[in-house]
Amino acid sequence: MASASQKTTPCAHHGASAPPPPKLLSAVESVIRPVDSIADTAKKPANKGISVTPRSETKHPLDPLSAAEISVAVATVRAAGANPEVRDSMRFIEVASVEPEKHVVALADAYFFPPFQPSLLPRTKAGPVIPMKLPPRRARLVVYNKTSNETSVWIVELSSVHAVTRGGHHRGRVVSSQVIPDVQPPMDAEEYAECEAVVKDFPPFIEAMKRRGIDDMDLVMVDPWCVGYHSEADAPSRRLAKPLIYCRTDSDCPMENGYARPVEGIYVLVDMQNMVVIEFEDRKFVPLPPPDPLRNYTPGESRGGVDRSDVKPLEIIQPEGPSFRVRGYFVEWQKWNFRIGFTPREGLVIHSVAYVDGSRGRRPVAHRLSFVEMVVPYGDPNEPHYRKNAFDAGEDGLGKNAHSLKKGCDCLGSIKYFDAHFTNFTGGVETIENCVCLHEEDHGILWKHQDWRTGLAEVRRSRRLTVSFFCTVANYEYGFYWHFYQALSLNTLLGVDRSDVKPLEIIQPEGPSFRVRGYFVEWQKWNFRIGFTPREGLVIHSVAYVDGSRGRRPVAHRLSFVEMVVPYGDPNEPHYRKNAFDAGEDGLGKNAHSLKKGCDCLGSIKYFDAHFTNFTGGVETIENCVCLHEEDHGILWKHQDWRTGLAEVRRSRRLTVSFFCTVANYEYGFYWHFYQDGKIEAEVKLTGILSLGALQPGETRKYGTTIAPGLYAPVHQHFFIARMDMSVDCKPGEAYNQVVEVNVKVDEPGENNIHNNAFYAEEKLLRSEAEATRDCDPFSARHWIVRNTRTVNRTGQLTGYKLVPGSNCLPLARPEAKFLRRAAFLKHNLWVTRYAPDEKFPGGEFPNQNPRAGEGLATWVKQNRSLEESDVVLWYVFGITHVPRLEDWPVMPVEHIGFTLMPHGFFNCSPAVDVPPNPACELDTKDSEVKEVVAPKPLQSGLLSKL
């Protein structure tokens with residue numbers, strides 16, 4: 001529910017002998033009702049403020065409504081009904097708190113609730129003006145009258161709500177009520193259930209299902225969808241739904257995936273006000289799809305399959321508890337603080353976000369953060385799909401469709417849960433226990449720098465605080481997450497380290513799930529070999545997936561990062577010369593680090609050493625150069641049946657292979673992640689120290705950022721080139737791959753697109769190297785698929801892997817820029833070539849001081865070799881434009897960039913469906929939760945007067 005702010009009636013203010021400035025006075029007067037006289041305090045000197053002990057407040061103005069408050073609000077509105085018929089017709093769509101004006105929130109945070117922050121209010125010569133109490137909390141109710149088909153909005157003032165829990169009378173007061181014409185409020189789960197029952201009892205519908213061979217109505221699933229608005233027939237004068245129909249095959253299996261059998265050809269229109277079918281037509285007989293043996297997602301034998309048995313436990317242990325503190329809905333963590341809220345419409349809301357920055361104190365960042373709407377339009381112009389354009393927040397409510405979360409499934413570590421309360425359709429109060437999860441996570445490297453002269457290094461792990469909730473809207477699940485990260489602050493720069501980062505340990509009591517034989521790695525059906533070269537660093541060879549009876553299926557022959565280019569945008573000396581080819585001029589592998597457990601990697605780790613020659617021919621070894629370990633990666637997949645509440649959820653695990661290198665001032669971490677669902681992710685982490693320039697006193701440069709007195713950091717770009725020698729479903733010696741480009745197109749209006757909603761994915765075969773110089777296009781969701789021309793999946797489509805771009809850019813220099821003579825490969829994001837053994841590096845074998853224009857990749861593609869069925873190599877160029885920030889100094893927190901290789905028709909169904917449930921997955925009890933910090937007592941008068 002979108003909360004609406006309301007102001008109370010202005011009143012005269014009692015208090016100080018010296019009045020505050022008019023602006024502050026009007027702000028306070030606009031929200032404070034007449035209170036007990038405090039005239040005796042007016043005799044105190046004005047310059048010392050007012051010595052007043054505020055009354056105890058139990059509810060912060062931004063706290064979500066409690067179950068008792070919701071009951072009071074509902075009872076108040078129901079009692080205000082004109083007659084019994086009106087009261088009986090009331091259906092309660094949403095009840096949420098009315099969030100007060102910002103200055104009321106500041107007043108509450110300053111003097112009524114810990115940690116007491118008087119600095120939030122403006123300073124005055126007369127001292128602070130402090131009321132005795134805050135204005136009463138208010139509730140906003142959206143009420144639907146089932147008899148009159150009217151929607152109304154009510155504002156109710158709440159007071160002494162605790163009386164209702166003792167059997168007393170409600171103490172609410174109606175402030176306002178208004179009928180909103182020509183609208184329909186969100187649908188309710190009770191309406192959905194009633195609609196399903198009405199449709200299944202409708203005789204023509206029963207006959208239509210019998211025509212399709214279905215006599216048992218218990219197998220039928222009716223998903224009511226709001227009609228949206230497509231013509232005047234959908235006008236809000238009627239409350240309408242057009243259900244979608246599905247049919248299960250087994251009435252004894254409550255977790256069967258009924259969405260696997262859509263019932264086509266039946267048209268139903270339901271009057272949701274009177275719960276009657278008003279239109280019905282069996283327009284077209286379409287036989288039910290046969291039962292798909294791969295349709296179910298329950299564990300092991302219950303779906304007719306076998307779960308993986310080689311996923312060993314991975315536990316997140318915090319022996320000293322979490323680093324965050326909770327007081328009610330107020331959260332403090334790593335200098336961040338904020339309040340948690342929840343509404344039936346939006347779900348999770350984050351209030352009053354601020355950062356405590358040393359001597360600068362509490363610095364506000366945002367007043368309110370939330371996800372306010374979701375729209376899911378479908379691109380099929382045919383019935384019933386063109387009507388699928390759900391507004392999942394406004395038509396259903398994200399918060400009302402939230403789940404109870406389970407420790408070990410939805411969250412790991414030391415967790416604090418928050419319950420959510422809302423009204424059901426008839427006005428009763430429902431509670432979703434453990435609805436919001438608060439926990440902290442290890443997030444890899446925060447920052448790192450190693451001095452190449454001394455070998456001395458500093459590295460810090462990143463920690464992040466995560467606040468989340470999950471909801472189900474019909475067939476889909478959505479998880480909404482807010483992540484808060486650590487940052488450098490004034491205390492850090494002054495040499496005082498944080499003392500509130502408690503240990504977080506990754507424990508694998510049975511060891512890792514991977515196996516290593518020499519350089520050969522096996523993990524979760526993946527296998528590959530690890531290599532290392534002085535120029536590229538980490539190389540991944542012979543990547544394959546073991547796919548049950550289909551055996552070992554190759555994906556890629558060789559994966560590596562073959563070049564890096566860092567051009568600077570300052571045209572002045574010496575910066576215009578900064579266009580380093582970090583692989584070709586320096587060598588990524590030769591500049592790699594020895595990694596340390598607990599700093600660079602956590603958990604059960606396998607290290608690999610790297611050997612290379614030095615300048616004089618001696619052999620040098622970098623111990624622990626490559627790190628192999630596995631990580632928990634959050635939710636892998638989840639579904640909860642909205643009818644039964646039964647849920648299945650799996651944790652994601654990923655295998656990570658990585659190394660870090662230093663090239664002068666910058667550090668780069670190169671990562672390959674392998675996932676249980678068949679994805680491969682390439683990631684680069686950028687950190688280290690900025691390359692700076694000096695400024696004259698008073699000088700500024702438009703080509704960079706002044707980050708300290710006399711210092712500025714020029715703008716620049718980082719480009720990385722990944723070379724992927726693909727072999728999708730190709731055995732040794734076979735060359736049966738091709739590359740297609742996919743662009744999503746909007747269909748032209750006309751007979752086949754009468755609703756103007758149609759869009760489709762258009763494929764184009766890249767037949768030659770000249771055709772295969774391509775750029776990213778996020779507006780058409782452009783991606784590329786490497787397909788095997790002779791292998792198909794169970795639907796007859798060619799098997800493939802698609803390259804999904806991440807964030808990207810192109811060079812911002814003019815085409816005549818000197819560095820582009822050597823780096824012509826940066827002019828496009830994707831190049832595809834036919835494999836040639838001597839074509840390894842995009843700038844040629846020796847890019848250093850190379851005067852030859854276009855040597856390397858740009859020259860090779862001029863041969864325009866055929867790619868229609870060949871041994872293809874993808875060269876993906878991805879980059880980041882770095883406009884330096886003050887927060888990047890003195891050491892830059894990690895920036896992430898990368899791309900993903902994702903199966904596209906490679907498997908016959910989700911390869912992750914056989915991941916077993918986490919044995920630790922259980923509904924967390926309140927006793928095992930993180931305990932709240934007990935709030936201190938309100939400030940006493942002496943301290944308050946000083947503040």
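Note: hydrogens, waters and symmetry copies are ignored here, and every other heavy atom, side chains too, is used.
Looking at Tyr267 and Glu279, their side chains do bring a donor and an acceptor atom within 3.5 Å of each other. Using modelled atom types and a 3.5 Å distance limit, the side chains of Glu150 and Asn145 yield no donor-acceptor pair. A side-chain donor from one of His483 and Thr466 sits under 3.5 Å from a side-chain acceptor of the other. Side-chain N/O atoms of Tyr259 and Glu256 include no donor and acceptor closer than 3.5 Å. For the residue pair Asn149 and Tyr144, a side-chain donor N or O sits within less than 3.5 Å of a side-chain acceptor on the partner.
Between the Arg140 side chain and the Glu94 main chain, no donor and acceptor come within less than 3.5 Å of each other. At least one donor-acceptor pair under 3.5 Å links the side chain of Glu196 to the backbone N or O of Val222. A donor-acceptor distance shorter than 3.5 angstrom exists from the side chain of Asn753 to the backbone of Asn757, with no hydrogens or angles considered. Side-chain N or O atoms of Arg368 include none that pairs as donor or acceptor with a backbone N or O of His351 at under 3.5 Å.
Enclosure of atom CD in Glu85 is not indicated, since only 12 or fewer non-hydrogen atoms of other residues, nucleotides or ligands lie within 6.0 angstrom. For Asp182, the CG atom is loosely surrounded, since the number of other residues' heavy atoms within 6.0 Å does not exceed 12. The number of heavy-atom neighbours closer than 6.0 Å to NZ of Lys102, taken from other residues, nucleotides and ligands shown, is 12 or below. Atom OH of Tyr229 is surrounded by more than 12 heavy atoms from other residues, nucleotides or ligands within 6.0 Å.
Evaluation of the ring pair (Phe, Tyr, Trp, His ring centres under 6.0 Å) rule for His443 yields Tyr485, His896 as partners, not counting sequence neighbours. Partners of Ala80 by side chain to side chain contact (heavy atoms under 4.5 Å, CB included), not counting sequence neighbours, listed by chain and number: Trp154, Val174. By the side chain to side chain contact (heavy atoms under 4.5 Å, CB included) test, Ser910 is found to be paired with Ala912, residues two or more places apart in sequence or in another chain being considered.
A cation-pi contact, defined as under 6.0 Å to the ring centre and within 45° of the axis, is absent between Lys416 and Phe324.
Taking the six-membered ring where the residue is Trp, Phe418 and Tyr329 present parallel rings, their angle staying beneath 30° rather than reaching 60°. Classified by interplanar angle (parallel below 30°, tilted 30° to 60°, perpendicular above 60°), the ring pair Tyr297/His639 is perpendicular. Using bins of under 30°, 30° to 60° and over 60° for the plane-to-plane angle, the ring pair Tyr378/Trp225 lands in the perpendicular bin.
Listed here is the closest heavy atom pair of Arg261 and Pro289: NE-O, 3.1 Å. Taking every heavy atom of both residues into account, Thr151 and Gln184 meet most closely at OG1-CA, 4.4 Å. Summarising the geometry of Asp63 relative to Ser97, their closest heavy-atom pair is O-OG, 4.0 Å, with the distance given to 0.1 Å.
Checking each of Phe469, Phe342, Phe470 against Phe480 for a ring pair (Phe, Tyr, Trp, His ring centres under 6.0 Å) leaves exactly one that passes, namely Phe469.
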Apply side-chain contact (heavy atoms from CB on, under 4.5 Å) to residues Lys400 and Asn424 and explain how you reach the verdict. CA-CA 9 Å; Lys400 293 183 73 169; Asn424 59 25; over 6 Å; no
Checking Asp410 against Ile635 for the side-chain contact (heavy atoms from CB on, under 4.5 Å) test, could you report, in this order, the C-alpha distance in whole Å, the side-chain angles of both residues, the deciding distance, and whether it holds? CA-CA 6 Å; Asp410 300 281; Ile635 300 294; 3.9 Å; yes
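With values rounded to the nearest 0.5 angstrom, Lys200 atom NZ is found 9.5 Å from Met221 atom CE.
Under a 4.0 Å N-O distance rule, the pair Glu648/Arg303 does not qualify as a salt bridge.
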